[in-house]
Amino acid sequence: MSLNVEHASVRTLPSEKPLRLLDNAGHAVTGAATGGFGLPNTETLLELYRKMVVARRFDVQVTALTKQGRLATYPSAYGQEACEIGATAALTAQDWLFPTYRDSIALLTRGIEPADILQSFRGDWHNGYDQNAHRTAAQATPLATQALHAVGLSHAARLRHDSIVALTFLGDGATSEGDAHEAFNFAAVWQTPTVFVVQNNQFAISVPLERQTRAATLADKAVGYGMPGYHVDGNDIAAMYAVTSAAVERARSGGGPTLIEGVTYRIEAHTNSDDPTRYRAARDVEHWKRRDPIERLEKFLVSEGALTEAMRTEITDAAEALAARTRDVMTTEAELDPLELFDHVYGRERAALVEQRAALEAEIAAGAFASHEGAAR
Amino acid sequence: MSLNVEHASVRTLPSEKPLRLLDNAGHAVTGAATGGFGLPNTETLLELYRKMVVARRFDVQVTALTKQGRLATYPSAYGQEACEIGATAALTAQDWLFPTYRDSIALLTRGIEPADILQSFRGDWHNGYDQNAHRTAAQATPLATQALHAVGLSHAARLRHDSIVALTFLGDGATSEGDAHEAFNFAAVWQTPTVFVVQNNQFAISVPLERQTRAATLADKAVGYGMPGYHVDGNDIAAMYAVTSAAVERARSGGGPTLIEGVTYRIEAHTNSDDPTRYRAARDVEHWKRRDPIERLEKFLVSEGALTEAMRTEITDAAEALAARTRDVMTTEAELDPLELFDHVYGRERAALVEQRAALEAEIAAGAFASHEGAAR
Amino acid sequence: MTATATSSPAAEASAPTQLTMAGALNAALRDAMAADDRVIVYGEDVGPLGGVFRVTDGLQAEFGDHRIWDSPLAESGIIGTAVGMAMYGMRPVVEMQFDAFSYPAFEQMVSHVAKMRNRTKGRVTLPMVVRIPCAGAIGGVEHHSDSSESYWASTPGLTVVMPSNPADAYSMLREAIESDDPVVFMEPKSRYWSKAPLALPVTTAPMDRAEVVREGTDVTLIGYGPTVRTALEAADAAAAEGLSIEVVDLRSLSPFDDATVSASVRKTSRAAVIHEAAQFGGYGAEVAARVTERNFHHLAAPVLRIAGFDIPFPSPKLEEYHLPTADRVLAALDTWEWDA
Amino acid sequence: MTATATSSPAAEASAPTQLTMAGALNAALRDAMAADDRVIVYGEDVGPLGGVFRVTDGLQAEFGDHRIWDSPLAESGIIGTAVGMAMYGMRPVVEMQFDAFSYPAFEQMVSHVAKMRNRTKGRVTLPMVVRIPCAGAIGGVEHHSDSSESYWASTPGLTVVMPSNPADAYSMLREAIESDDPVVFMEPKSRYWSKAPLALPVTTAPMDRAEVVREGTDVTLIGYGPTVRTALEAADAAAAEGLSIEVVDLRSLSPFDDATVSASVRKTSRAAVIHEAAQFGGYGAEVAARVTERNFHHLAAPVLRIAGFDIPFPSPKLEEYHLPTADRVLAALDTWEWDA
Ligand SMILES: Cc1ncc(C[n+]2csc(CCOP(=O)(O)OP(=O)(O)O)c2C)c(N)n1
Ligand SMILES: Cc1ncc(C[n+]2csc(CCOP(=O)(O)OP(=O)(O)O)c2C)c(N)n1
Ligand SMILES: [Mg+2]
Ligand SMILES: [Mg+2]
């Protein structure tokens, strides 16, 4: 493969009205508003519905646990389920996901255990799951930085003729960072198999979108990189799934990167330590609650007769079981070994760290830490 | 003034064919290709012509002096005169210019003395002219960083109801840097009176444009920030001047920033230490030499009967006089005072620097530096 | 081109009230903004929210969004535009939300903020303040507890200060804003909620001076920001055992107040420096090196460094093992050959 | 997911020829690329141009543009994508064109490159090398002569090395590329054209070891990169005056080879460290601090630092006043109380 690029560059403006396959009442949309994308089949929609319900329950549970002081922090994705899950479900298990702190429910969708997802938010260790096993990078906090990692990994795969795709989530706020720009540009120039999903949830902590950009849509940014951009109703999981699936397929077949903006809303506070009453009106939140992504799909599935009572019960039970499991793990204290602090800084042993480790070990043995009375190993 | 922004954002794609008012044969262009811009009047064009001729002579002179070892380095703007001067001439003396290392001839156009421009390239001091007197920032080397300074300064002016404009130059390569993106975005969100002029000279040192972007034009980037973008023939000074003047006026009247791409070519090596034979063909350079910006305007002015022989002689004489002055100052060694190294690090005196200054003074007095035998003050 | 200042009558001194460091900083910003309309404030979430630590609380309501506003989310953009604002004559006070989120602005800080005066031979000065909530001990998740001070302090052209208490916080921030040189103003997060009775406006020692905050005769403990309290706790505990510890609060990391520190060390003949940052290449290295250079023949023992381990900052549940404590300080002093 | 290595037969040792440091680095890259096809090289101008210092000369012609290519002009992009490449199992070797142009990548370096292994409990490692042509003394204009080593060396999680001669350049770069930890590989620009007779492949001491490059009994001079030569010059000059100087080439800045350095210092009882970077907060502070901590009672005098002034790097015509010279080193040694 040569890295020489052909000169064709995509130069189409995304639709100013967000693409949509299901309207807020749960009716299938037809015509131009769909951007030519077709509704996923019922089986797929049922699976997406299940994933959203389970994720919502998880998210609500974790927020509750956080309020009880069980977690150091938790950035909720309540209301963003269609974006998070619609996009994530478009990946295969071989593909890579590069998530942010916001995207815990996407991790859940990748099959990662609650206990492992929440290790970082509980404060046990910075990251708690096996990145390689799940092909899911550690949740990134420094904004937009992970987008470059996604570009690099997917380019490496392409160099190896390994047809995987990397998808990364970005917030609306994160699009302002230099790294977002550099990631879009590297991906476009190198034509890497990368999908950028901007979850435009209208806020960066307290800062509303109009202080973040003057672009008509965040998807418009794609034009400046010569890549396709899609402006999508981010509370319509059918649209998010369809558009992302197409982007993933294009990437997989050598067609390069895509920028997708999902227009959604952050229903909860930024994190538990935030106070949104300082910067937004309750009625705005109410407005968006009436555009709930789960209800929308539910209405459609019910109207289609696809979602039975039995299914609902089964899904609710599964969600409750997961919530219970989450409560259980979060109410059991993890065994932490402070000496492990020294074990993963370098692969090669360093004399200075061996010394420091020994010093801490001696302190612990001497009972310097209440939480470790006599517990030194 | 409130910082609240209205929601209108510009969402028009720049023309894919560069805007042009004079074609390469020096004929006035009519119709859509002009983008509706009108040809500047003859007086203005004559003045621009004169500035280009003088600048070219200066640039050639400095390159020659550099080859003689009189300067540490010199990034030539040969071939980019229409961009450099067309854009710069659109400013008033009250406006600010934020140039890069490439833009020495723009400085000349601002009335800065050759000796002061060249202090940095000769290696005397990092910058040699009075930034405030000329409202021209120090030439920036870290790419794209100065664009943010331009945004900040012009925003400050706007906050003070001071109707000045800041114009900054960027290279095609520099548009890949995160700072370019952040500058475009801050300017657009704050609606600052800033004009960004990207001189697309096809190369970033050795790296050609197609490895830098996949966008159809660099001006397309404007769309992603909701600001107007113009794709202009950068070897047509009439177009560069007209488009920049309009952007400056829009900025001055509160209409916000503009991104202008001037398509041009770097005829010389990146700097004297570069070897362009390694990465581009001589015939490409020849092709662009036949699109010389000065010749183009000259043909037009001659065909219009506006440029007389007497004028030509007068302009050539002025150019030669400047070249002679440049040779003179560059062949006289500047008096440098090494103790000044300590004088401009902080405004407030620091004991450690006083000590270090005294130590150097003693070394010099003791004859430690051949170049300073007994010359300590 | 240069913005001119408006001045309002000097604020009347108020009766002492209990004020947190966050409150003192808020008052300093308010008073500076009232005194000089060239003072403008921006950053991430500093507007309606009042900053994630509420240091800018209420200021937008009071001064309007042309004096204090939320910028787009980009740190290099914040610092880079502040350079331009300062060139115009404004006095921008910008906030980096946490140490680690100042890193995207590193190039602007090192290549421009630090160098502008020098490269222009003093013609262009940058009267700007970069506020950085710093360090750990607040149970912050990943990237929220870095100690970035040595990056800044080792960069010629920057002035770097860190208050340890509400009175200094007020006084030093006012002075930083009035300075014609750019100042990196570091605010120890774990001290934001520490209180002191204060009558504002208060003027403490100049911000480039270290202060002896507790006198002693046997050992000099050098701290700054959050570790001044650690040093004082160690001094208390040591006093009970008959060891007299002098505590120096550096306050200014760049410049370093050699006179005050050397005087103390020459008196006690023993010194140790305490900081949260990793020991290797941390700010304590400079302290130890220069104290030793200047006072070698007065020292009875090597200058010790009690610092974080040479590891990335730990997760919340493990930070207590990493951070220097009074016990750890005292244990370190025990390693000296006291009879040497 | 993990890229697997192809291996080619080990290169045959060649007959010694004169090689510059740039040439040795070029050979190391060529041999590493030939030996392991996971090794890829990219950065600004590294392709057809062969790098502004010609360190990658000829490599694209030899290995093709899927192994070595020009990236867009964005340093954070270069480092950030290299993180992703390394996660996949590649072994990217990327170039920052000059020290000062690595600063836009500071966040990626500090928050990701340095921390990835730690934050993932060792599950994700980053076998990548960041090459940085460093320091001054080549008459470079503004921003082309910075010494950034203390920023990197003080960041836990990074390994930082700097060769001072062609043989080490070859051997250490090969070792850095083979390392599973990310390595900041600093190349002193002023030594690029220094020559030595070399038979390749050459293996010198492991890259985490300091080396005594000249034995002596009276003073230990500690240098790295460009200042090793300065130290050797000083040693030559001092020898004429009957002073026996031992010279240690640190080679590795992080980790620091305490064993080698302390052994030398205990023998000579006097030490000085030399570097180009500003003294305040420079790498020499760590050297002085730890050498003193570990050898205080063996030291007859304070550890000296002969370093750049605490100023931004000067313009070409003034750099000679700033850079440490052998004369300045010898003058500094004269400040010691030699009879103490
Ligand atoms: C480089 C950087 N700067 C600042 C922060 C602090 N911070 C954390 S989240 C956040 C807002 C992000 O907004 P957005 O990108 O829209 O994502 P959201 O939280 O809405 O999902 C900020 C400013 C950070 N994490 N990284
Ligand atoms: C941040 C940064 N990275 C790298 C460099 C080194 N460098 C100097 S000029 C240049 C090429 C710039 O190309 P372009 O922006 O197109 O401007 P031109 O030189 O063509 O005018 C490079 C890579 C730099 N000055 N700053
Ligand atoms: Mg958001
Ligand atoms: Mg260019």
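Lettering of chains follows the sequences in order, A, B, ..., and the numbering in each one begins at 1.
- Residue D:R209 places its CZ atom among 12 or fewer non-hydrogen atoms of other residues, nucleotides or ligands, all under 6.0 Å distant.
- Proximity to chain D is limited to the backbone of C:L253, based on heavy atoms less than 4.5 angstrom apart.
- Distance check: D:L304 CG to C:T292 OG1 gives 11.0 Å after rounding to the nearest 0.5 Å.
- Using a 4.5 Å heavy-atom cutoff, the side chains of D:E107 and C:E75 are not in contact.
- The most heavy-atom pairs under 4.5 Å with chain D, out of C:G308, C:P302, C:A153, come from C:P302.
- Comparing C:S111, C:G157, C:A278 by how many heavy-atom pairs each has under 4.5 Å with chain D, the most go to C:S111.
- Remark: side-chain polar atoms of D:E286 are paired, donor with acceptor, to backbone N or O of C:G281 under 3.5 angstrom.
- Considering only heavy atoms from C-beta on, D:F296 stays 4.5 Å or farther from C:W336 through its side chain.
- Atom NZ of D:K115 sits about 10.0 Å away from atom CZ of C:F313, to the nearest 0.5 Å.
- Heavy atoms closer than 4.5 Å to chain C are found in the side chain of D:N118, but not in its backbone.
- Put simply, the side chain of C:S254 reaches to within 4.5 Å of the side chain of D:F280, judged on heavy atoms.
- The distance from the CZ atom of C:F106 to the OG atom of D:S76 is 13.0 Å, given to the nearest 0.5 Å.
- The shortest distance between side-chain heavy atoms of C:P312 and D:R119 does not fall below 4.5 Å.
- Contact tally against chain D (heavy-atom pairs below 4.5 Å) for C:Q279, C:E293, C:Q108: the top residue is C:E293.
- With a 4.5 angstrom heavy-atom cutoff, D:R294 does not touch chain C via any of its atoms.
- In this structure, chain D has no heavy atom under 4.5 Å from any part of C:N295.
- C:Y151 is listed as a side-chain neighbour of D:S154, based on a closest heavy-atom distance under 4.5 Å.
- Interface remark: of the candidates D:T155, D:V303, D:T335, D:V287, D:T155 forms the most heavy-atom pairs closer than 4.5 Å to chain C.
- Of the atoms belonging to C:S150, it is side-chain heavy atoms, and not backbone ones, that fall under 4.5 Å from chain D.
- Residue contact with chain C, scored on non-hydrogen atoms closer than 4.5 Å, involves the side chain of D:E142 exclusively.
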